[in-house]
**Q** 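Right, I'll just put the structure down here and ask away after.
In what follows, every heavy atom counts, from backbone to side chain, and hydrogens, waters and symmetry copies are set aside. Keep in mind that this is a model prediction, so the values were computed, not measured. Positions are given from 1, in the same order as the sequence printed here.
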Amino acid sequence: MINTIRAIVSYFLISLTASLCFVVAANNDVPLNMSTHKTVTQAIEVGHTQTTIPIVIDHAQTLALELIAPIEGVNVGLINPNGQTVINPNDPETVIIPGSEYQPGLPGATVILPIVSDPIQGVWQIILTYPEAAYKTIVIAKVLQQTSIAFGVAMAMNEFVVGESIPLAALLTHDGTGMTDGSVMFEVTEPSNTVINLEAFDTGQDIDHQAGDGIYSKEFMPSGAGEHIIKATAQVMHEGISVTRESSKRITVRAASIDINKVLLEPVLDETGCVTHVDQKVELFAHTAGEYAFNSGIYSGAERIREVKRVALSQGAQTVSILYEKEDLVKSFSSGAILTSQPLYVLKLEQNDNVLANARRHFESKLALESIQFCREAIEIVKDLTTTPVMSADGAYITALTFQFPVYVEHAGSYTGSVNISGVNGKRIDLVSFSKYLPQGDNFFEFTVSGEKFQKDDGPYTLNSLLVYTRGHSARLGELGHTPAYKKEDFIPKLNTSLTFEMIGLERNNWQGTQPVIQGRKRVGGYVRAGASIPYDYEVLSSLDMSHIKGTLIDASIDVVVGSSSLVTPFTQIDVFSVGDKAWNMSNVSYDHFCQSFTLCPSWHAQVSSFNATLGDTTYTLRGETVLNLLQAWVDNPSENNGIVFTSSPHERTYFIEITDVKVNLTYAPE
């Protein structure tokens, strides 16, 4: 039974985790994990037939309840603080999901009660009744108060290491806006069961990021490793009523696997004294040997470079070097930047999990780039391609692509370049030449290629074999980069056209088995096409000549105009099918043309679309991938075009609707 309970709890935690939402507070670059759910458990003893779970509701707009009751035959009701039954145990809107539908199968069921609007404040009671319990178990209730006043623990991390401070934070909002007049207390229960109470503030002081954003924060230094329970309580006055909100979170504090003692930033020079890298030297002591992943970075203002390095560490003191390439430094930072190390985030790579290995600390390690010499080349091409489409006046297609990439030149002057552009299959699109006067320093080359060039092949397009030169100096790059995945049709001017279907009415209209007729009146309804015993079936067969359309459809829709209608709800659905490979002729087609025999008229099966014709004398528009694909198939292979048929099956011969007109609207890129 213990394993069953563990399985139930595991399922519930997975369900609860899936319901978490993520909030980003104003001017805060840390994602905040928010959950306003409350979990309540209650034991079911052997011989019991009823269980009561009290819950406190405080200033809520709606109340939602979900229970996992691992006992057969359970019924659930809800009673408000006045003793009135709000949800009857047999309420038809209660959803009961048998535990057998979950993997692995569980006893009992998940019970989802109807949502209660504007629940009054006070203690509510969830009442569970069931046959006499033959075993001891627990019931778990998930309570969600949807309210204009929301509160939740807002911490970006679940794991910490002994020796680093934990930034406790909670977010208090009213209709999504931070409340600044609340009182927030944190209660931290340590593994030793020692309880520490801390008051949090939204003042912008200490670790609080910004005053008045509704985030209340306080720093906490754990005394040792183990699981810590963080409980946050907020009290605030709203509309003259004191409102209390609670939220909790569990965090794990681990013993450090490594201690980082010093971080230095040093330039790496070649034999000529020119910088090739910046070395981030990490002096550390490893308590346990193993594989570690170092997540590191350097920054200057808003610009930064991140690196991840996997390292095998032996036990004891050692130094790890994390190198940053000259090209990345030049691309990311100005020559006057002062580089600073970010706190290192190190994971110990274990067989079943990766765990935080170090206390994250900030080290005052800086490096001024102006104090070192990069010894740049006469021409340096930075591999950072930007592609910008130039759209037509109507926005229907791309008239050109503009390309831009950075280049550094040691001396001002006129520079010339060339680059090859190829399509997705390696087919050459164009060989482009360009020239520009460049001042000394960092610059950009920019050139534009006509969209007509890209009508030859799909992208993404590759720019390769780049050459930039001036008198006495040149630079080459094998591959500059790729464009987004454009299609050749994106560069072709689009055409718009509307075509009208020819229509013919098909009927099987009596019980005596006389030949079905082509009816001048176009209508759908009656009975369903399903054999000779169904006499009243009205259908509309439609044909359309698209043989003159050549190209790729960009957009397509079918407008169906209906006239008078005698359809009655709920029998208002009109189905549209492709006739398929059954060819027919407008001059002599009959209902039986699509039957295998007089007594066997199979139903249509290649459905294209459907719509609910709830109103007569109305136009209904059909579109979507299936409609587009069908019409494109007719363009590509005119022999496949055997039209479409409209049907409806209200199961009553006097129920039908007229179809007065059918048109197709096409937007396409011609060949």
Side-chain angles (χ1 to χ4, degrees), residues 1 4-5 7-19 21 35-103 105-150 241 243-247 569-570:
M1 193 59 216
T4 300
I5 293 175
I8 295 166
V9 173
S10 297
Y11 158 73
F12 183 77
L13 291 176
I14 292 170
S15 174
L16 183 60
T17 301
S19 66
C21 60
S35 175
T36 58
H37 294 85
K38 179 183 290 185
T39 304
V40 182
T41 62
Q42 189 76 32
I44 295 178
E45 302 291 342
V46 176
H48 281 191
T49 59
Q50 179 174 304
T51 299
T52 300
I53 304 176
I55 57 174
V56 178
I57 303 301
D58 179 15
H59 206 79
Q61 276 69 56
T62 60
L63 169 63
L65 295 167
E66 180 177 333
L67 297 93
I68 297 178
I71 194 162
E72 302 300 331
V74 67
N75 288 302
V76 182
L78 184 64
I79 298 175
N80 70 15
N82 296 332
Q84 299 168 329
T85 299
V86 177
I87 298 177
N88 189 284
N90 298 313
D91 193 306
E93 295 186 12
T94 296
V95 177
I96 298 178
I97 305 172
S100 58
E101 294 188 10
Y102 296 110
Q103 294 296 327
L106 299 173
T110 296
V111 181
I112 304 173
L113 299 183
I115 293 176
V116 178
S117 299
D118 298 319
I120 61 177
Q121 296 189 79
V123 180
W124 290 60
Q125 292 183 326
I126 307 171
I127 308 296
L128 294 87
T129 57
Y130 41 85
E132 186 175 310
Y135 50 85
K136 183 177 180 179
T137 183
I138 60 171
V139 60
I140 304 175
K142 181 168 65 176
V143 182
L144 172 61
Q145 297 183 54
Q146 296 178 342
T147 172
S148 60
I149 299 178
I241 300 173
V243 179
T244 301
R245 291 286 182 266
E246 293 182 351
S247 181
T569 303

**Q** Who pairs with Ser148 by side chain to side chain donor-acceptor pair (under 3.5 Å), at least two apart in sequence or on another chain?
**A**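 Ser148 satisfies side chain to side chain donor-acceptor pair (under 3.5 Å) with no other residue.
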**Q** From Asn88 CG over to Glu93 CD, what is the distance, rounded to the nearest 0.5 angstrom?
**A**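 So the CG of Asn88 and the CD of Glu93 are separated by 12.0 Å.
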**Q** Please name the residue in the list Val143, Val139, Val40 that meets the side-chain contact (heavy atoms from CB on, under 4.5 Å) test with Leu67.
**A**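 With Leu67 as partner, side-chain contact (heavy atoms from CB on, under 4.5 Å) holds for just one option, Val139.
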**Q** CG/Leu128 to OG1/Thr52 distance, rounded to the nearest 0.5 angstrom?
**A**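 Rounded to the nearest 0.5 Å, the CG-OG1 separation comes out at 8.0 Å.
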**Q** When rounded to the nearest 0.5 angstrom, what distance separates CD1 in Ile55 from CD1 in Ile126?
**A**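 If I round to the nearest 0.5 Å, the distance is 4.0 Å.
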**Q** Any side-chain heavy atom of Leu65 sitting closer than 4.5 Å to one from Val111?
**A** no
**Q** If you look only at pairs with a residue in residues 40-51, which of them pass as a side chain to side chain donor-acceptor pair (under 3.5 Å), with sequence neighbours excluded?
**A** Thr51-Tyr130
**Q** Would you name the heavy atoms of Ala133 and Ile71 that are closest together and state the gap between them?
**A** CB-CD1, 3.5 Å
**Q** How close do Pro107 and Tyr135 get, counting heavy atoms only, and between which atoms?
**A** CB-OH, 4.0 Å
**Q** Heavy atoms only: give me the nearest Thr137-Pro70 pair and the separation to one decimal.
**A** OG1-CG, 3.0 Å
**Q** Please list, one pair per line, the donor and acceptor atoms closer than 3.5 Å that link side chains of residues 72-81 to other protein atoms, with sequence neighbours excluded.
**A**
from	atom 1	to	atom 2	distance (Å)
Glu72	OE2	Gly108	N	2.9
Asn80	OD1	Asn82	N	2.9
Asn80	OD1	Gly83	N	3.2
Asn80	OD1	Gln84	N	3.0
Asn80	ND2	Gln84	OE1	3.1

**Q** Would you give the length of the straight line joining atom OG1 of Thr129 to atom CG of Asn90, rounded to the nearest 0.5 angstrom?
**A**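 Spacing of OG1 (Thr129) from CG (Asn90) equals 8.0 Å.
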**Q** Which distance, rounded to the nearest 0.5 Å, do you find between the CD1 of Ile68 and the OG1 of Thr110?
**A** 4.5 Å
**Q** What pair of heavy atoms forms the shortest contact from Ile87 to Pro114, and how long is it?
**A** CD1-O, 3.5 Å
**Q** Can you give me the closest heavy-atom contact between Ala60 and Pro119, atom names plus distance?
**A**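 Nearest pair, atom of Ala60 first, then Pro119: O-CD, 3.6 Å.
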**Q** About how many Å separate NZ of Lys142 and OG1 of Thr39, when rounded to the nearest 0.5 Å?
**A**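 With rounding to 0.5 Å, OG1 (Thr39) is 8.0 Å from NZ (Lys142).
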